[in-house]
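So you know, we letter chains A, B, ... as the sequences are listed, proteins then strands, and number each from 1.
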There are 2 protein chains.
Amino acid sequence: MDAAQLTAPAQSTALLTDRYELTMLQAALQSGAARRRSVFEVFTRRLPEGRRYGVTAGTGRVLDAIEAFRFDTPQLDWLSDQGVVDDTTLAWLADYRFGGDVRGYGEGECYFPGSPLMVVEGSFAEAVILETVILSILNYDSAIAAAASRMSAAAGGRPLIEMGARRAHEQAAVSAARAAYVAGFSATSDLQAGFRYGLPTTGTSAHAFTLLHDSERDAFTAQIASMGRGTTLLIDTYDLAEAVRTAIEVAGPELGAVRIDSGDLLMLAHRVRRQLDELGAEKTRITVTSDLDEYAIAALGSAPVDGYGVGTSLVTGSGQPTCAMVYKLVARAASDDPDAPLVPVAKRSAGGKASRGGRKWGARRLDQDGVAEAEVVGTGPVPADLADRLLQVPLITGGTVVGREPLLAARERHLRSRAQLPISATQLSKGEPVIPTDYLIPAEPAL
Amino acid sequence: MDAAQLTAPAQSTALLTDRYELTMLQAALQSGAARRRSVFEVFTRRLPEGRRYGVTAGTGRVLDAIEAFRFDTPQLDWLSDQGVVDDTTLAWLADYRFGGDVRGYGEGECYFPGSPLMVVEGSFAEAVILETVILSILNYDSAIAAAASRMSAAAGGRPLIEMGARRAHEQAAVSAARAAYVAGFSATSDLQAGFRYGLPTTGTSAHAFTLLHDSERDAFTAQIASMGRGTTLLIDTYDLAEAVRTAIEVAGPELGAVRIDSGDLLMLAHRVRRQLDELGAEKTRITVTSDLDEYAIAALGSAPVDGYGVGTSLVTGSGQPTCAMVYKLVARAASDDPDAPLVPVAKRSAGGKASRGGRKWGARRLDQDGVAEAEVVGTGPVPADLADRLLQVPLITGGTVVGREPLLAARERHLRSRAQLPISATQLSKGEPVIPTDYLIPAEPAL
């Protein structure tokens, strides 16, 4: 998978941007403030309601998107025609390459309210215009990964197949498959996700294939003839018991698997397992699909089920289709002087949404048993006992991507990070974040 | 906008497909059934919980996607390397061009449970492999349009700006902006949506811009100097009343607009309006943003607000981020004989998800006052009184796109269609579909 993962996409991401980023850029270029060194931070004030932890995902895609953030001629011509920005700004955009630094939580890492998930540092100009695309990616991918993580915890060791492409935007579906893999899914039905990211792809058959043929027997025979006995036959188009009988008659007891896509899956799985066993097909697996979510997966824990296919609920974040991550200026140069020191800044109106200024680090404090007990977010020096618990890693240094990694590394990081949380983290019922966030930020934050 | 809308995208959509479509294709090519003329129907068994009508959206994008559904060499090589399908199937895919017919509800049209939203007819082979990409597009875009329609009804005549890109997958965001426009939004913050679809784009300024400067006054001065007095100043970074005073001092009473992005928007809008009026800025508009949804928009109906910016809630379908549309084989040739007549087919297992066979039309029956009273779904001959109320239009004929239209036409169709529904359609509280679906389908459906 690494080869595909290591290839950056060619398509420009530069217009995946809110118009105000470019008009702010123009105004700041004119006022001179655009040159001020600036620190933007991605964080979230809260987890989605009732969730006990969040999952960082999309980090690798952010790196691809920043590399592909280049304005080409048709884009510049369009911005000019539309009068979005002036010629000075257009010239600046034409030469745009991000030359700053990005640090962030490793992909797959769990996070909590206030975790400084990504820190983007450069001139105001070069950093501000990345806001929209960075947030789009992290907010969507992390929402999917959070749902996927709950599902993979609920599934225990049983394999989960992502098959929600039809219920998500066609391009979002590809990213959803990737994020699900990071959070513990085994495979996807989405071919583009296989092609683009090297994910394992898999599939079974649809009711249409059975209905196309003159009988279920004809359909099963055709599928076995073409795909071999290891295939998965869909058995709920007509009568389930008859379908199982026909399936084993046609394929023999070497049939790979059957899929049940409707009805009371718990009861039906038991019944089908019994029938398969009676027919000597003890090794034929049972895959279930049909509007599964983490609760349904958990409820099937005692059923003789060998794998779950999950669609709608996964690609919509199981009720939480986005995260509330924001991209905030937390520090900037004290003046237009290139050597000016950084000063912390923060919104402080009365209407809520206040934030903490200063460039932050995040660390996970463990108790003596190695179980996480707090997310610690601070500015300035890191206490000695947290020095090896820091969660940010270098992602881009001086404009060069340094943090790209195989997707498998993110997947392993997630499973490791989740395993370190208190055991109630994977409880499915609604609750508070499983560990508190402690702030080590002085009244006048250090930088 | 028409020029942009009329350009098909170059990027191949062929792998935005579930793996089982291609393996079913392989098995059907081998069994010979792949040649059977087949009719697939997109419909939904139910509206999202509590919704009173659905909105068809994404139709134009489906046409683009079908035109771009071509397998290129790297894709074919990958399918071959992965062993997804055999060489016969690869050769078939290499030549793939959809040559069949597509009819469907016009984009923007309202729909109800059972509405035959799109009918795809061709050989099984050419039609089955379009399932995933068609459903992805229609399910996502229609979910966004349904939410947008509720918001535009709630906003009355006030303009709505889509600004949710940061809370959606970066490519989904572009489609969300498009769907929102279809359902009555006026503009978007997403530049790619402007570039790709010709949508009007707009924007204001972020807190970061204010924080970047040494004072709010410096920031306002910089923005006015660069963007002119017609710009929109963001006034809630520090103290609202002071910001309004500063804004008018800097810009004069000709200031275009102010934006409030936090707090009790109802109360603050009144307060800011009063202050602006006292300062002689009677024409300065007030735009509000901050987690608005259709309920918050409705609640601000009496506030002196001139426009709404909507983000998260729009791009996540306001609690319903997808629709439950499915793509089902409803009829196919009785045999492999090329002249065989079509026969209706339908899943009929006990586990729910049963469907009605036969190629269907949909019509909206109006009462004597011209108000919709039923969605009529039938097979066979159309009753005379419904002949001019049919809702499907030709989209692709013999492989050629015939149904492309400017986005404005879809927008107008939506507003017309919604206006024809009973007045309780736009009631925001949960309820049943505002009109029932009547089926005119004999026990043995005609075709």
Heavy-atom cut-off 4.5 Å, strictly under: side chain, backbone, both or neither for A165(A) against chain B?
both
Which heavy-atom pair separates A65(A) from T13(A) by the least distance, and what is that distance?
O-OG1, 2.7 Å
With heavy-atom distances below 4.5 Å as the criterion, would you say the side chains of M163(A) and T188(A) are in contact?
no
Where on V326(A) is there a heavy atom nearer than 4.5 Å to chain B: the side chain, the backbone, both, or neither?
side chain
Pairing donors with acceptors under 3.5 angstrom, does anything connect the side chains of D261(B) and S290(B)?
no
Taking only residues two or more places apart in sequence or in another chain, which ones pass side chain to side chain contact (heavy atoms under 4.5 Å, CB included) with A206(A)?
Y20(B), M24(B)
Contacting moiety of A333(A), where chain B heavy atoms sit under 4.5 Å
neither
Under 4.5 Å from any heavy atom of chain B - which part of F40(A):
side chain
Among R36(A), Q30(A), R167(A), who wins on heavy-atom pairs under 4.5 Å with chain B?
R167(A)
Any ion pair linking R196(A) and D190(A) (charged N to carboxylate O, less than 4.0 Å)?
no
Taking I144(B), I224(B), T231(B), T201(B) one by one, which has the highest count of heavy-atom pairs under 4.5 Å against chain A?
T201(B)
Non-hydrogen side-chain atoms of L15(A) and L79(A) separated by less than 4.5 Å:
yes
Which bit of E131(B) comes within less than 4.5 Å of chain A, counting heavy atoms only: side chain, backbone, both or neither?
side chain
With no hydrogens and no angle check, do the side chains of D141(A) and S175(A) hold a donor and an acceptor under 3.5 Å apart?
no
Looking just at side-chain N and O atoms, do T221(B) and D218(B) make a donor-acceptor pair shorter than 3.5 Å?
no
So which residue, V345(A), D214(A), T23(A), T132(A), ends up with the most heavy-atom pairs under 4.5 Å with chain B?
D214(A)
Is any side-chain heavy atom of L191(A) closer than 4.5 Å to a side-chain heavy atom of W78(B)?
yes
Per-residue tally against chain A (heavy atom, under 4.5 Å) across I260(B), L211(B), L16(B) peaks at L211(B)
Pair H169(B), S136(A): side-chain N/O donor-acceptor within cut-off below 3.5 Å
no
Sort out for me which of D81(B), L329(B), I134(B) touches chain A most, counting heavy-atom pairs under 4.5 Å.
L329(B)
So what's closer than 4.5 Å to chain A heavy atoms on A334(B): side chain, backbone, both or neither?
backbone
Please identify, among A172(A), S31(A), S335(A), A168(A), the residue contributing the most non-hydrogen atom pairs under 4.5 Å to chain B.
A172(A)
Contact part of T312(A) toward chain B, heavy-atom cut-off under 4.5 Å: side chain, backbone, both or neither?
side chain
Of the backbone (N, CA, C, O) and the side chain (C-beta and beyond), which part of R332(A) lies under 4.5 Å from a heavy atom of chain B, both, or neither?
side chain
Among S205(B), A243(B), A222(B), residue most engaged with chain A (heavy-atom pairs, under 4.5 Å):
S205(B)
Which portion of E170(A) sits near chain B, non-hydrogen atoms under 4.5 angstrom
both
Exercise: do Q26(A) and S226(B) side chains pair donor with acceptor under 3.5 Å:
yes
A219(A) versus chain B, the contacting section by heavy-atom distance below 4.5 Å:
neither
Any side-chain donor-acceptor pair under 3.5 Å between S12(B) and D72(B)?
no
Please determine whether a side-chain nitrogen of the Lys or Arg among E21(B) and R166(A) lies less than 4.0 Å from a carboxylate oxygen of the Asp or Glu.
yes
Cut-off 3.5 Å, side chains only: do K347(B) and T210(A) have a donor facing an acceptor?
no
Among D336(A), V133(A), V128(A), I137(A), single out the residue with the greatest number of heavy-atom pairs under 4.5 Å to chain B.
I137(A)
Check whether A173(B) gets within reach of chain A through its side chain, its backbone, both or neither, counting any heavy atom under 4.5 Å.
neither
Using a 4.5 Å cut-off on heavy atoms from C-beta on, say whether the side chain of C323(B) contacts that of Y140(B).
no
Greatest number of non-hydrogen atom pairs under 4.5 angstrom with chain A, of Q192(B), Q320(B), Q75(B), M227(B), falls to Q192(B)
Under a 4.5 Å heavy-atom cutoff, which of G164(A), G203(A), A176(A), S189(A) has the most pairs with chain B?
S189(A)
Select one option (side chain, backbone, both, neither) describing which atoms of L22(B) are under 4.5 Å from chain A's heavy atoms.
side chain
L29(A), part contacting chain B, at a heavy-atom distance under 4.5 Å
neither
Output the option from L135(A), T322(A), L212(A) having the highest count of non-hydrogen pairs under 4.5 Å with chain B.
L212(A)
Looking at chain A, which one of G319(B), A346(B), G58(B) has the largest number of heavy-atom pairs inside 4.5 Å, strictly under?
A346(B)
Which region of F209(A), side chain (C-beta onward) or backbone (N, CA, C, O), has a non-hydrogen atom less than 4.5 Å from a non-hydrogen atom of chain B, or is it both or neither?
both
What I want to check is whether the side chains of T232(A) and R259(A) have a donor and an acceptor closer together than 3.5 Å.
no
Does any backbone or side-chain atom of S38(A) lie under 4.5 Å from a heavy atom of chain B? Answer side chain, backbone, both or neither.
side chain
